[in-house]
**Q** 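Before we start, here is the structure in question, set down as structure tokens.
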Amino acid sequence: MLKWTRNIAVVSAICATVPMNVYAQEAGRIEVGQFDIIPILNSSISYVDNVAYARDDLPEIYSWRSIFSPELIAATELDGNPVQIGYRLERGVYFSSSADDYTDHFFEASGEFELNSRHRVNAIAQYEDGHEDRGTGFSLGLGNNIATPDRYKSTAIGADYSYGAVTSDGMITLKADRQTLDYDRSEQAYLIRDRVKNRVGAELAYRVGSATNVVLDVTQTYVRYDNQVGITTRDSDETRVLVGLTWESTAATTGFAKAGYKEKDFKAETRSTFYGTDWEVGVEWQPLTYSTFRFTTSADTRETNGEGNFIRGRDYSASWNHEWLQRLSTSFKVSKLTDEYVLTDSVLANRDDELMRYSASLNYDARRWLNFSLFYQLDDRDSNRALIGYDRNVVGISAEVTL
């Protein structure tokens, strides 16, 4: 409890001192030379009834958890183009399970450059020194069998170039990015999961109505694993071609819908090539200025975190955000995440997991610079493998402090 008391003390101290310093500056920013410094502080305390995601028939760890997450962003402009650099720290402390404590670091740099009316470039670079909770990721279903969370390093670097005026009928966007994942552990079971993913693609959008565009999206991805000693390599090349629409049919409705072909071709002949249908759909409906509904669904392939050649994922979600008063709002979300672990061996059936996630929050804007949220989340995972299923409840309160 002392750890959480210290977090509250820090939040209270910032709340008490911030207002006196911001009257002569833009809200949320401190001007330092050519940069605007944007500090943000998030902190929460919650009760978790299954810390290690133990399966249904095993003992569960119950614990209070505090999260302390300060963030600092430096924003500026280069020839009128926005550029920013940011760092965020997240410290999580479990009062009844210190083995699950963690400290994560996040770095990000991004820029948006409009070279002229027809040429635009966006770029982003991210670095994460993070963790996977026990019982998630590679340790899914085995949370009680490992002593501490799995730590990893990951990077993501990407850029896109767009050609075409905003008012023109057509626009083409070229995209490229590189993602890496490296677990800190040296056991062979972890080394074979370290990987690099390079992706290139192009998207062509053509206006066919006052608020409707036809979109062609083509992506080629190269997945390479760093260490495949002792197993059949999971290196693969992926081809994805989607065709669809983006629209804004009324002031209250916007959305996109794309569907098409996906191929995942493994370098190893013993791993079967996958051919299937992918899709991306998202619709936002705002019947009232203070009420918004969102519906999304997608299908794609993901790299396996356990058995099988890869994961065939199909995700669905629906959410509702409503402002009851000027300072009071609620958020509700229901998600269904399905993972099929595809095997080559026809003797054993593919593993099928289904995760139902329900979340709700009551949000109160106490001040322009101080927000509180009372939140709840339920995760219910089922699988045709006996070792995977679990239930997990989290309830808590969070605070966000800005300038």
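When reading the values below, keep in mind they use all heavy atoms of this one structure, side chains included, and skip hydrogens, waters and symmetry mates.
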**Q** May I ask you to say whether Lys336 pairs ionically with Asp380, meaning some side-chain N is under 4.0 Å from a carboxylate O?
**A**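 No, Lys336 and Asp380 are not salt-bridged.
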
**Q** Please identify each residue that fulfils side-chain contact (heavy atoms from CB on, under 4.5 Å) with Leu181, with sequence neighbours left out.
**A** Tyr152, Ser154, Tyr183, Arg195

**Q** Search all heavy atoms of Leu140 against all heavy atoms of Gly135 and return the closest pair with its distance.
**A** CD1-O, 3.3 Å

**Q** Please name all residues satisfying side chain to side chain donor-acceptor pair (under 3.5 Å) with Asp194, sequence neighbours left out, ordered by chain then number.
**A**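 Expected list: none.
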
**Q** What closest approach, in Å, do Thr233 and Ala268 show between heavy atoms, and which atom pair accounts for it?
**A**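 The answer is O-CB, 3.7 Å.
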
**Q** With salt bridge (charged side-chain N to carboxylate O under 4.0 Å, His left out) as the rule and sequence neighbours excluded, what pairs involving residues 73-88 come up?
**A**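 Only Arg88-Glu90 qualify under salt bridge (charged side-chain N to carboxylate O under 4.0 Å, His left out).
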
**Q** For Phe138, check ring-ring contact (aromatic ring centres under 6.0 Å, His included) against everything at least two apart and list the hits.
**A** Tyr190

**Q** Are side-chain heavy atoms of Thr344 and Asn309 found at a separation under 4.5 Å?
**A**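 Yes; the side chains approach each other to less than 4.5 Å.
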
**Q** Charged N to carboxylate O below 4.0 Å: is that the case for Asp150 and Arg134?
**A** no

**Q** Could you tell me whether Asp104 and Arg151 make a salt bridge, using a distance below 4.0 angstrom between a side-chain N and a carboxylate O?
**A**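 The answer is yes: the pair qualifies as a salt bridge.
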
**Q** Which residues pass the side chain to side chain donor-acceptor pair (under 3.5 Å) test with Asp184, sequence neighbours left out?
**A**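 For Asp184, the residues satisfying side chain to side chain donor-acceptor pair (under 3.5 Å) (neighbours in sequence not counted) are Lys153.
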
**Q** When you check the gap from the basic side-chain N to the acidic O, do Lys262 and Asp278 get nearer than 4.0 Å?
**A** yes

**Q** Give a yes or no on whether a salt bridge exists between Arg381 and Asp339, defined as a side-chain N under 4.0 angstrom from a carboxylate O.
**A**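 Yes, Arg381 and Asp339 are salt-bridged.
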
**Q** When you check the gap from the basic side-chain N to the acidic O, do Glu307 and Arg351 get nearer than 4.0 Å?
**A**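 Judged by the 4.0 Å cut-off on N to carboxylate O distance, Glu307 and Arg351 do form a salt bridge.
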
**Q** According to ring-ring contact (aromatic ring centres under 6.0 Å, His included), who are the partners of Tyr102, at least two apart in sequence or on a separate chain?
**A**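 Tyr102 satisfies ring-ring contact (aromatic ring centres under 6.0 Å, His included) with His131 only.
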
**Q** Could you give all pairs that pass the salt bridge (charged side-chain N to carboxylate O under 4.0 Å, His left out) test and reach residues 279-294, with sequence neighbours left out?
**A**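 Sorted result for residues 279-294: Arg240-Glu280, Lys258-Glu280, Glu284-Arg294.
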
**Q** Applying side chain to side chain donor-acceptor pair (under 3.5 Å), can you list everything that pairs with Ser359, at least two apart in sequence or on another chain?
**A**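 By the side chain to side chain donor-acceptor pair (under 3.5 Å) rule, Ser359 matches no residue at all.
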
**Q** Do NZ/NE/NH1/NH2 and the carboxylate oxygens of Arg367 and Asp365 come within less than 4.0 Å?
**A**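 No, this pair does not count.
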
**Q** Parallel under 30°, tilted from 30 to 60°, perpendicular over 60°: which one fits the rings of Tyr390 and Tyr53?
**A** perpendicular

**Q** If every non-hydrogen atom of Leu343 is compared with every non-hydrogen atom of Asn350, which pair is closest and at what distance?
**A** N-OD1, 2.9 Å

**Q** With sequence neighbours left out, write down each residue that passes ring-ring contact (aromatic ring centres under 6.0 Å, His included) with Trp320, or none if nothing qualifies.
**A**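 Listed in chain order: Phe293, His322, Phe332.
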
**Q** Just grab all the ring pair (Phe, Tyr, Trp, His ring centres under 6.0 Å) pairs involving residues 249-279, residues at least two apart or on different chains.
**A** Phe274-Phe310

**Q** With a 4.5 Å cut-off on side-chain heavy atoms, are Lys197 and Asp177 touching?
**A** no

**Q** Apply side-chain contact (heavy atoms from CB on, under 4.5 Å) to the pair Met171 and Asn213, showing each step before the final yes or no.
**A** CA-CA 10 Å; Met171 180 176 297; Asn213 295 322; over 6 Å; no

**Q** Test: ring pair (Phe, Tyr, Trp, His ring centres under 6.0 Å). Region: residues 196-227. Which pairs qualify, not counting sequence neighbours?
**A**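 Counting only pairs at least two positions apart or across chains, no ring pair (Phe, Tyr, Trp, His ring centres under 6.0 Å) contact touches residues 196-227.
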
**Q** Do Ser162 and Thr173 get their side chains close enough for a donor-acceptor pair, meaning under 3.5 Å?
**A**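 Indeed, the side chains of Ser162 and Thr173 share at least one donor-acceptor pair under 3.5 Å.
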
**Q** Can you name the closest pair of heavy atoms from Ser383 and Asp353 and give their distance?
**A**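 Shortest heavy-atom contact: OG-OD1, 2.6 Å.
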
**Q** Who passes side chain to side chain donor-acceptor pair (under 3.5 Å) against Tyr358, sequence neighbours left out?
**A** none

